[in-house]
Amino acid sequence: MSKILITSALPYINGVKHLGNLAGSMLPADVYARAMRLLGHDVLYICATDEHGTPAELAAQAEGMDVSDYCDKMHEAQKKAGAYFGLSYDYFGRSSSAATHKLTQAFALTLETNGLIEERVSQQVYSKADQRYLPDRYVEGTCPGCDFEGARGDQCDNCGKLLDPIDLINPYSAISGSKDVEVRDTNHLYLKQSAMSDKLRDWVKAADGWPPLAMSIALKWLDEGLRDRAITRDLSWGVSVVDADGNIREGFEGKVFYVWFDAPIAYIGATQDWAAQVPERDWESWWRTDKGADDVRYVQFMGKDNVAFHTLSFPVTLMGSGEPWKLVDQLKAFNWVTWYGGKFSTSQKRGVFMDQAREIAPSDYWRWHLMANAPEGNDAAFTWEEFQATINSDLANVLGNFVNRITKYTVGKFDGKVPDGGVAGEAEAWITSELQTRIPQLIAYYESREFRKAMAETRAIWAAGNEYLTQAAPWTHYKTDVDQAAIGTRYGLNLVVLFGIIAQPIIPDAAAKILDAMNIPHANRSWNFGGREGIAALLDALPRGLNITAPDVLFTKIEDDDVSAWSQSFGGQT
RNA sequence: GGUGGGGUAGCUCAGCUGGUUAGAGCGCAGGACUCAUAAUCCUGAGGUCGUGAGUUCAAGUCUCACUCUCACUACCA
């Protein structure tokens, strides 16, 4: 048993996330957390809403709400959406919590003491009409390169050129459209990432268990030379910048830390908030290597856009403090889920968001499809047709039908009781050896976080059940030798239990229905096979005479009509 | 522009450090079975591995060029 700390990238507060966000961090982290718990590990899965920054202020403004109230509301909405999808966080916190504020301020002071933070002056566009400084992307104007009129301050969408907002011709605020903007000098704290570059490179190179995607992104940034990064912004909503006495730092009135400085710190803050709920809980044993966290394995999940922050910026914060903080051991970075090959778009009604998804299909459907087609090596295109095919084939036909056929048969021929009798023969030897190969393989895939392969292996195990029934053919034996029909039925029922157990990390709702129907006590729903012999024993583990029931149809099929209706309302391919 | 992915059966994808007839699922065709959600099981057809060169006894796998596509590019998060 090991201690595994799991975090998934923090969902931003300005709206319910779409399926791509879910598939790229929260869901795989959850499946991994559930799998590791099943294997008997001590798991702590932490997530939180990322609540600071300009978009939060603007979203609140658009709804006519106070930012703080808006965040309260959206935090609850995201929490609810997560609960619907069965995301099994040990704690779902908030980056706006007092704990994160204090930690952020403490880190900044320590980093400054260590000479890694310094104050510099930069130029920033200020909009008088909006009464705020504008982040680069909120300044628009005419591209100096191609004369395109809708260029954003960071990049021109027309010619692709990278821009500096102060170079835009006729700049205006993207928020209000006001042209009453000017460039002002503003002072900010800079994190001297460059000073940590060598140390960071050594650490990255020593990393094990990072996918190529993450490793190459991290090394690329290091090779280009890490730039010092401003970690404060001209905003009012966020973590205020304080001095050693806890007063607002001079010259930093109306400024707060940049969200990307405090967001990862919220992993720690949320753990503190988790611990504060129960006296026995100890956050330091997860985060401080001098307080018991030296044997923790820390695994992070994120989309590829977050890699640089997790492999470079956050480690600079932790390492630069000189304090014994737990650094990430393994991480999993995902590509994007695309919508018929294109991007998700709220305005064009393209794509599905977490709150809408619940009205379309049960949580298990989404969980299975998104994991079986996880964007691991590449961006993965979501289509309704593929969704329908995956669900109908894998869940309804392979798993659902298997459970249905054997439980109904038991109810019909054996009075709903696990039958006794019969001698194990070729078919039983076959399925035993099949599982003795496949189950360890499945576990290996989970441990290496290869989700597509883990799903394919799970499906192959379910399919082997159907093949076993064909070989054992209890319905044929029943006519001449009821005992021989009994063993086929009994093995079939044991397979149902096993299939329910391995389904738990992915499709927890259906798994619970299966295990309930089989009358399996919760204590026996774990994944302790005890090696190859354990698997053999498990295939005949159910007590004879145990009452079982045939569950209702586990997975209703998705019809063509459903697909057309969804395509229409959600802007699928036309 | 720079950097990194990717381009393998109709579709979605596996193929690690180069080595017998290139794999899986879906779809398709034929057969078997009838316990089951018109489900399942078996068999089969289908690919000159983006293009062109090169290295090698041997390349989907290494090198170079070209081409298409996606992402990232530090003040959106």
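Chain A is the first sequence line, chain B the second, and so forth, proteins listed ahead of strands; every chain is numbered from 1.
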Describe the nucleic acid contact of [X] in one word from base, sugar-phosphate, nothing, applying a heavy-atom distance below 4.0 Å.
X	answer
L10(A)	nothing
A463(A)	sugar-phosphate
Q471(A)	nothing
G225(A)	base
W221(A)	base

Roughly how many Å apart are [M] and [N], using the [atom1] atom of each and rounding to a whole number?
N	M	atom1	answer
C68(B)	A36(B)	C1'	47 Å
G15(B)	G31(B)	C1'	31 Å
C66(B)	C75(B)	C1'	37 Å
C13(B)	U67(B)	P	25 Å
U3(B)	U8(B)	C1'	25 Å
G19(B)	A59(B)	C1'	10 Å
C35(B)	A22(B)	C1'	38 Å
A77(B)	U63(B)	C1'	40 Å

Point to revise | Polar side chain donor-acceptor pair, N335(A) to K304(A), under 3.5 angstrom | key: yes
What pairs meet the salt bridge (Lys or Arg N to Asp or Glu O under 4.0 Å) rule with one or both residues in [range], with sequence neighbours excluded?
range	result
residues 388-416 of chain A	D394(A)-R459(A)
residues 181-193 of chain A	E118(A)-K192(A), K128(A)-E182(A), E182(A)-R184(A)
residues 232-241 of chain A	D234(A)-K255(A)
residues 481-497 of chain A	R490(A)-D540(A)

Exercise for review: Applying side-chain contact (heavy atoms from CB on, under 4.5 Å), name anything that partners E450(A), two or more places apart in sequence or on another chain.
Suggested key: Y445(A), S448(A), K453(A)
Practice item. Measure distances between side-chain N and O atoms of E467(A) and base N and O atoms of C42(B), and say whether any donor-acceptor pair falls under 3.5 Å. Key: no
Review point. Starting at the 5' end of RNA chain B and moving along, which residue's nearest nucleotide shows up first, D552(A) or V259(A)?
Key: D552(A)
Check your understanding: Between T476(A) and E376(A), who's closer to the 5' end of RNA chain B by nearest nucleotide?
Key -> E376(A)
Mind listing the residues from [range] sitting with a heavy atom below 4.0 Å of RNA chain B? Number order is fine.
range	value
residues 301-313 of chain A	K304(A), D305(A), F309(A)
residues 50-62 of chain A	D50(A), G53(A), T54(A), P55(A)
residues 399-417 of chain A	G400(A), N401(A), N404(A), R405(A), K408(A), Y409(A)

Nearest of [options] to any side-chain atom of [X]?
X	options	answer
Y258(A)	U37(B), C75(B), G15(B)	C75(B)
R459(A)	G25(B), A74(B), U34(B)	G25(B)
N466(A)	U40(B), C75(B), A77(B)	U40(B)
A396(A)	G15(B), C75(B), U37(B)	U37(B)
F555(A)	C35(B), A74(B), U37(B)	U37(B)
W260(A)	A77(B), A39(B), C35(B)	A77(B)

Can we say [X] and [Y] salt-bridge, meaning some charged N sits less than 4.0 Å from an Asp/Glu carboxylate O?
X	Y	result
E376(A)	K332(A)	yes
D509(A)	R367(A)	no
D130(A)	R132(A)	no

Practice item. With W462(A) as reference, evaluate F402(A), W368(A), F555(A) under the ring pair (Phe, Tyr, Trp, His ring centres under 6.0 Å) test and give the passing residue. Key: W368(A)
Quickly work out the [X] [atom1] to [N] [atom2] distance and round it to whole Å.
X	N	atom1	atom2	result
Y12(A)	C75(B)	OH	C1'	13 Å
W339(A)	A71(B)	CH2	P	17 Å
F334(A)	G4(B)	CZ	P	23 Å
L469(A)	C35(B)	CG	P	13 Å
E140(A)	C75(B)	CD	C1'	15 Å
N397(A)	G25(B)	CG	C1'	13 Å
Q388(A)	C26(B)	CD	C1'	12 Å
F382(A)	C26(B)	CZ	P	19 Å

Exercise for review: With pairs defined as Watson-Crick or G-U wobble and both distances under 3.5 angstrom, please note down RNA chain B as a dot-bracket string, | for pairing with another strand.
Suggested key: (((((((..((((.....[...)))).(((((.......))))).....(((((..]....))))))))))))....
Point to revise | Under 4.0 Å protein heavy-atom contacts per nucleotide of nucleotides 8-13 of chain B, with B for base, S for backbone only and - for none | key: -----S
Exercise for review: Measure from the ring center of H310(A) to the ring center of Y267(A) and say whether it is less than 6.0 Å.
Suggested key: yes
Check your understanding: What residues, two or more places apart in sequence or in another chain, satisfy side chain to side chain donor-acceptor pair (under 3.5 Å) together with E63(A)?
Key -> K73(A)
**Study point:** Contacts of type side chain to side chain donor-acceptor pair (under 3.5 Å), residue Y468(A), not counting sequence neighbours
**Key:** E428(A)
Exercise for review: Can you label the angle between the F382(A) ring and the F387(A) ring as parallel, tilted or perpendicular, going by 30° and 60°?
Suggested key: tilted
